[in-house]
Amino acid sequence: MPELPEVEGVVRSLRPIATGKTIQSVDVSETIITSKANGKEAIIKGADVDVFKEALPQMTIERIDRRSKYIYFHLVKDGIPHLLVSHLGMSGAWFYVRNLHEIEEEKFKRHSHVIFHLEEGDMLVYADIRRFGELRLLESEADHPPLLLMAPEPFDQDALDHYLAMSILPKYENKAIKEFIMDGHVVSGCGNIYATEALFRLRMHPARKVKRISKERKIQLFNEIVIVLLDSIENGGSTISDYRSINGEAGNMQNRLQMYGKKNCPICGRKTLQKTIGGRTSTYCGACQK
DNA sequence: AGCATCGACCGGCGGC
DNA sequence: TGCCGCCGGTCGATG
């Protein structure tokens, strides 16, 4: 599951090889063409396949950035800027290859859904096993309002104040802390893995109500989130289930996780507990986390 | 108006 | 072996 650190890894790998390249043509898989023809919003969001395919040729990739869990491809054509927004969903991955056979894992190769043909035969391939990801072509961020509602980047100077301000709003104060920190309007890029880890590091129970947490503890929790996100970026992200970096590279952070996916608490050895919080499976230690 | 819940998007895989 | 149903990030529609 790609969260902020995994997306950062993808962007850092992609940036040096794809920046400056111009898109020649776009191929879309039959699977996606059929889904879209049946009125489904499969991967390519907010535009028909034909419109998407015809718009992209001759656009040059000027810059690649990460914003929360999204990849922003800043494009330009005839001096006019465009923005291709990519979200990996549960199982999306990018590959930079000359031939689809270079995608070694069969399950990704089989689900190569959108292929951007670049110069000199290079291809930028978006593969997505479960098709929860998205590609959205915009003129700018402002054309898709949800993007404007995302919390600041967690490493930005205003992120802590934003999080604290949200924590005292009526709609959030009765929520479980884990659901709160996983809300992209509160903290950017913190999904199940890193929310689980940050709460464990602070020995905080994931179901604790936001309003039952002191300001000091809230600040400590925010700091732990930043620490685990940065630690994960340094370690190449967590390769769990269907996440891959560019060209199938694996990260190392999964070996550093203390609670996510664990059967026993690393502190006291007791069996960990699982509880659904905010609709997501949450792992924690009933003895160590209060 | 603002909030809560639900459905949509899916294939892999665990469990029976 | 084969099939059923769970899982999940995010948005938009519905209540």
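Below, chain A is the first sequence line, B the second, and so on; all start at residue 1. Note that the structure is predicted; figures quoted are calculated from it, not measured.
- Picking from dA4(B), dT10(C), dG8(C) the nucleotide with the shortest atom distance to the side chain of F132(A) gives dG8(C).
- Taking only side-chain nitrogens and oxygens, R130(A) never comes nearer than 4.0 Å to OP1 or OP2 of dG11(B).
- Taking only side-chain atoms of K69(A), from C-beta outward, the nucleotide of dC13(B), dG8(C), dG9(C) with the closest atom is dG9(C).
- Taking both residues in full, the closest heavy atoms of C265(A) and F200(A) are given as SG-CE1, 3.9 Å, listed atom of the first, atom of the second, then distance.
- For the pair D128(A) CG and dG9(C) P, the computed distance is 14 Å after rounding to whole Å.
- For the OP1/OP2 pair of dC11(C) and a distance below 4.0 Å, the side-chain nitrogens and oxygens of Y70(A) include at least one atom meeting the criterion.
- Proximity of T276(A) to the phosphate of dC6(C): no side-chain N or O atom is located under 4.0 Å from OP1 or OP2.
- Within the 4.0 angstrom heavy-atom criterion, no nucleotide atom of any strand lies near H113(A).
- OP1 or OP2 of dG9(C) has at least one side-chain nitrogen or oxygen of R280(A) nearer than 4.0 Å.
- By the 6.0 Å and 45° rule, R66(A) does not stack over the aromatic ring of Y70(A).
- Residue R136(A) is out of contact with every strand shown, counting any heavy-atom pair closer than 4.0 Å.
- Dashed line: the shortest gap from a side-chain N or O of H185(A) to OP1 or OP2 of dT10(C) is not under 4.0 Å.
- The side chain of R110(A) places an N or O atom within less than 4.0 Å of a non-bridging phosphate oxygen (OP1 or OP2) of dG12(B).
- For the residue pair D27(A) and K53(A), the shortest heavy atom distance occurs at OD1-NZ, 4.4 Å.
- The shortest non-hydrogen separation linking A195(A) to I181(A) is CB-CD1, 3.7 Å.
- Each of dG9(C), dG12(B), dA4(B) was ranked by its minimum atom distance to the side chain of M90(A); first place goes to dG9(C).
- Close to dG8(C), at under 4.0 Å from its OP1 or OP2, lies a side-chain N or O of T281(A).
- The side chain of H87(A) approaches dG9(C) more closely than any other nucleotide in the set dG11(B), dG9(C), dC10(B).
- The side chain of K171(A) lies closest to dA4(B) when the candidates are dC10(B), dC13(B), dA4(B).
- Ranking dC10(B), dG12(B), dG12(C) by closeness to the H111(A) side chain, first place goes to dG12(B).
- Under the 4.0 Å criterion applied to side-chain N and carboxylate O atoms, E224(A) and R201(A) are assigned as salt-bridge partners.
- A straight line from CG of L149(A) to C1' of dG12(C) spans 13 Å, rounded to a whole angstrom.
- With rounding to whole Å, K40(A) atom NZ is found 13 Å from dG11(B) atom C1'.
- Following rounding to the nearest Å, D183(A) (CG) and dT10(C) (P) show an atom-to-atom distance of 9 Å.
- When the nucleotides dG12(C), dG12(B), dG8(C) are ranked by their closest atom to the side chain of P146(A), dG12(C) comes out on top.
- By the 4.0 Å N-to-carboxylate-O rule, D65(A) lies too far from R67(A) to be salt-bridged with it.
- Going from atom CG of L138(A) over to atom P of dC11(C) covers 13 Å, rounded to whole Å.
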